[in-house]
Amino acid sequence: MRFRSRPLAFYLHSAILTAAIVALTIVVFSAYLTTRSILRSNIQKEAELLTESILQRVTVVEQAVVTIAANMATALEEMAVTNDEHDSYLKKIVSENPELYGVAIAVAPKSYEPSDECYARYCFRKDESLIQYADLTDSSIDIRIEDWFQIAALTQKPIWLEPYYGQAGGALMTSYCQPFRVPGRWDLYGVIVIDVSLESLSRLVSGIQILEHGYGFLVTSTGTIFVHPVKDFIMNQTLFTLAAERNDAMVEELGHRMLQGERGHLFVEKDIHRPESQVSYAPFQHAPWSLGLVLPLSELNSDLNKLNQDIVLLGLAGLGILFLIIRRLSQKMTRPLVQLTATAELLGRGDLQSVIPKLKTGDEFETLSQAFQNMQAELRDYIHQLTESTAAKERLENELRIARDIQMSIIPKSFPAFPDREDMDIYADIRPAKAVGGDLYDFFFIDDDLLAFTLGDVSGKGVPASLFMAVTRTLFHASCQSDQPVNILIEKMNEALCADNDASMFVTLFAGILNLKTGELSYCNAGHNPPVLMRKGAEPVWVDDKHGLPLGVMDGFGYDLSTMILQKGDQLFLYSDGVTEAENIDKDLFEEGRLIETLRNLKEKNDPETQINQVFEAVARFVGEAEQSDDITMLSLEYFGQENLNTEAVVAKEKEFAFRNELEELNSLSEKLEELGDEWELPMPVVMNLNLALEELITNTIFYGIQDDQPHTISVKFSLTENALNIEIRDDGIEFNPLQLPDPDLEIAAEERQIGGLGIYLVKQVMDRFEYSREEPYNIVTLTKKL
Amino acid sequence: MNINESIVGDVRLVELDGRLDTVTAPDFQQKLLATVADGNGKYLVDCAKLSYISSSGLRVFLMGLKKVKAGGGKFVLCALQESIAEIFEIAGFSKLFTIAANQDEALAQLK
């Protein structure tokens with residue numbers, strides 16, 4: 001039997017076997033009781049029969065003794081037997097009555113004739129056949145004072161004497177004493193004594209064996225035990241002395257009943273003296289004695305126990321057979337279940353082709369098997385459908401994955417992004433919460449000096465957000481080509497995004513354009529989280545200017561912009577709300593405070609990549625086991641400034657020239673530059689670029705910076721370092737920052753091009769650094785040209 | 001700065017030699033504007049010997065171009081030295097002007 005079907009068989013077994021055991025117990029117990037009562041009743045009947053039979057036999061003897069004595073008395077009273085004939089008469093009586101041991105005639109003196117001597121003749125059996133005569137008068141005993149004579153004489157009635165041990169051979173004897181009268185008178189003449197041996201009675205009673213230890217006993221009218229299996233009791237104990245000795249009320253009760261000549265039974269419970277038993281008692285018909293039979297009921301129990309044992313054994317055998325039958329039956333019943341279970345397991349493992357046993361039992365198992373077949377068929381259909389829908393889902397997921405790959409491919413992912421640039425470092429990373437997210441970042445150079453960057457967060461997630469993000473990013477990229485202020489770019493993007501925004505999506509966006517030459521950062525925040533500005537050596541601060549609504553919300557919205565100048569070592573940190581709204585399992589948010597704290601704690605190494613990775617780690621630590629709830633995107637920008645061009649490196653050579661504020665000085669300028677180029681072995685294109693830049697700047701100063709008619713000096717100081725040429729131009733004209741001039745629009749047609757405004761632009765282009773400062777009363781322009 | 005003007009076929013040719021800077025630009029401006037005064041002809045400026053140019057020079061070229069475009073003529077430059085071409089490129093002028101590699105090519109284009 002397989003293990004998994006055990007419970008059913010187990011319950012079947014236990015239920016039926018329990019019922020069978022209970023029934024068996026009831027049967028055994030009631031059989032026990034019935035059998036016991038039958039056995040007891042039988043043994044009681046047996047005892048009664050035995051009693052009857054013993055008493056009958058005793059009565060025959062008694063009757064004979066009584067009759068003989070009566071006849072003798074009659075014969076003597078009527079003088080049918082004379083004194084001379086006494087011996088022969090006695091002999092005749094003894095010889096004719098074998099049950100008699102001896103017979104005596106005792107004549108009391110003066111009872112008949114006052115002169116008469118005491119007279120007693122006794123004839124008895126000795127050695128079976130010989131009959132002896134004894135003359136009791138020979139003895140010294142006066143028979144008249146003997147108890148038996150006195151009692152018989154006084155009561156004038158026959159009496160049975162208490163048993164006694166006779167002189168001849170010590171046998172147990174009793175005597176029957178019959179008084180007789182003087183012939184023709186009422187006076188007592190003598191007493192006839194008939195001796196009876198009690199040996200045969202004793203043997204008879206002693207020979208009684210009821211069961212194993214059952215026995216008979218006899219007591220006299222005084223309760224003296226004279227027949228009993230225990231020899232010590234005989235003639236030594238009465239029932240009462242025995243009772244007193246043993247403190248046994250039952251024996252005393254028995255004694256009273258037997259002495260009163262009652263007939264009946266006494267049930268004796270098991271106690272310290274004996275096992276459970278019953279005493280039957282009955283009186284003799286003539287003698288004042290009583291017969292008792294002890295029935296050892298407990299011995300019935302051994303038979304009973306044996307019987308019970310047999311019944312129990314039979315019952316156990318029956319149980320065994322029952323068990324085998326049940327087992328067989330349960331196996332037969334559960335075999336289909338086992339088969340169906342095995343099939344169900346196969347089904348569970350996905351084996352939908354397994355053959356389900358077709359049961360034709362016509363019972364519930366057939367129905368179950370049918371149900372299994374139906375289930376299998378339906379499962380097959382279902383799995384088939386599921387497989388198809390799963391395949392469709394996988395296709396969709398695959399497409400989403402591709403969408404994500406495309407999305408990731410359109411944002412710059414390789415770092416360092418601009419390994420050639422020494423004036424800035426930028427790093428960004430995005431970790432989408434779902435496969436396709438709505439965060440975006442982007443950065444690229446519009447031209448050599450202008451770095452455009454943005455970070456945004458599209459409302460929602462999934463493919464629509466991703467598409468919206470892609471559109472936003474594309475718009476930003478396209479708009480930045482046109483060289484317009486960043487707020488104008490944002491406005492254009494907003495209009496484009498509003499135009500076809502059926503899904504009512506929007507994007508919060510921070511966009512900035514950093515001029516790496518000047519460090520000027522112009523930026524526009526359209527509803528996005530405020531970035532963090534980390535000035536070198538200062539605490540991080542929020543850049544919390546706001547310039548308008550998120551893009552895609554309101555068509556035609558006008559956006560502002562802000563500007564700031566970044567110094568060497570300044571950093572700007574952009575992020576999406578996935579950072580500040582990262583949730584831990586307690587639904588607490590990471591929040592701006594922790595972000596600032598994390599950024600503040602960055603000590604030694606705080607380059608953009610380290611910075612972003614540290615913030616990611618801090619967020620991950622905070623979030624713990626909780627699932628990432630939103631895209632997390634960060635972008636960090638560090639501005640090294642132009643000084644990274646090693647302008648402060650050891651100056652190898654220096655030269656200073658002074659020019660007047662006259663245009664003719666430009667000829668001198670070109671000559672001096674040629675000389676300097678020769679002297680310092682500068683490449684020709686560099687010399688040309690220097691000439692161009694200085695000409696433009698000096699011209700500017702002459703035309704616009706110096707507004708009086710006084711002569712002024714414009715000093716130009718050259719210094720050569722290992723890899724760069726630095727030029728400082730100093731004039732004392734009015735304060736004028738050439739960097740403030742707008743760049744010309746290079747895209748428009750010739751007809752619309754302004755004639756002016758090209759000079760400063762050319763300087764910016766041909767030089768690697770262009771800075772302006774005012775140290776009253778001087779305008780100081782610093783240029784650097786990498787070599 | 002030498003400015004040599006001649007006529008090749010129906011093309012008015014201006015050949016520049018030297019530096020075109022703030023100092024020399026006014027002279028070139030005057031001559032060029034005079035040359036393109038009609039604005040409806042064919043004009044070629046040969047820059048083969050132009051060794052330097054600043055924004056003042058560029059400005060003059062732009063003025064000439066505007067004039068010719070307004071008049072419906074053709075204005076072509078040729079044979080720019082590498083450093084000059086670079087400045088043109090930076091200033092966005094290479095998109096505005098028709099620039100030929102040498103004089104023959106320029107003349108062919110003007111036909």
Side-chain angles (χ1 to χ4, degrees), chain A residues 447-449 481-483 659 661-671 673-674 677 683-704 738 741 743-767, chain B residues 1-2 18-29 32-33 36 39 43 45 47 49-77 80-99:
Chain A
D447 59 30
D448 279 352
D449 298 322
Q481 307 294 343
S482 68
D483 245 4
F659 299 97
N661 57 331
E662 291 171 9
L663 283 181
E664 287 72 24
E665 288 286 278
L666 292 177
N667 294 327
S668 150
L669 170 71
S670 57
E671 285 167 19
L673 283 176
E674 277 178 27
M684 264 313 287
V686 171
V687 175
M688 257 194 75
N689 285 341
L690 280 178
N691 196 335
L692 175 63
L694 287 171
E695 180 192 328
E696 300 293 352
L697 287 168
I698 290 169
T699 308
N700 244 332
T701 305
I702 293 170
F703 283 151
Y704 309 113
L741 288 176
D743 290 339
D745 189 345
L746 303 184
E747 301 297 316
I748 56 176
E751 290 84 350
E752 295 161 25
R753 280 288 292 259
Q754 298 294 311
I755 299 299
L758 259 177
I760 297 300
Y761 178 72
L762 288 177
V763 179
K764 284 184 191 171
Q765 297 304 313
V766 300
M767 288 291 134
Chain B
M1 175 78 184
N2 292 317
R19 299 167 57 90
L20 187 53
D21 57 18
T22 312
V23 179
T24 56
D27 184 29
F28 175 53
Q29 181 179 335
L32 181 67
L33 291 183
V36 300
Y43 310 96
V45 180
C47 302
K49 292 177 181 170
L50 179 65
S51 59
Y52 174 86
I53 191 167
S54 71
S55 64
S56 310
L58 288 171
R59 198 180 299 123
V60 176
F61 277 109
L62 184 60
M63 289 162 91
L65 178 67
K66 282 191 171 186
K67 192 87 179 171
V68 174
K69 286 222 164 178
K74 286 185 176 176
F75 190 83
V76 175
L77 306 182
L80 272 63
Q81 291 184 13
E82 196 181 330
S83 58
I84 305 296
E86 197 180 309
I87 301 296
F88 265 70
E89 180 69 38
I90 292 172
F93 275 30
S94 37
K95 287 180 200 154
L96 302 177
F97 289 86
T98 308
I99 299 172

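So you know, we letter chains A, B, ... as the sequences are listed, proteins then strands, and number each from 1.
For A:Glu662, the side chain to side chain donor-acceptor pair (under 3.5 Å) criterion is met by A:Arg660, not counting sequence neighbours. Checked against side chain to side chain donor-acceptor pair (under 3.5 Å), B:Gln81 has no partners two or more places apart in sequence or in another chain.
The most heavy-atom pairs under 4.5 Å with chain B, out of A:Leu762, A:Asn689, A:Val766, come from A:Leu762. Contact count against chain A (heavy-atom pairs under 4.5 Å) is highest for B:Asp21 among B:Leu65, B:Val60, B:Ile53, B:Asp21.
The contact between B:Leu58 and chain A is made entirely by side chain atoms (from C-beta outward), counting heavy-atom distances below 4.5 Å. When heavy atoms are compared at a cutoff of 4.5 Å, B:Thr24 does not approach chain A at all. Both the backbone and the side chain of A:Asn691 come within contact range of chain B, with heavy atoms under 4.5 Å apart.
No more than 12 heavy atoms of other residues, nucleotides or ligands shown are found within 6.0 angstrom of NZ on B:Lys67.
Listed for the B:Tyr43 side chain is no donor-acceptor partner under 3.5 Å among the backbone atoms of B:Leu32.
The shortest heavy-atom contact between A:Pro744 and A:Leu758 is CG-CD2, 4.1 Å.
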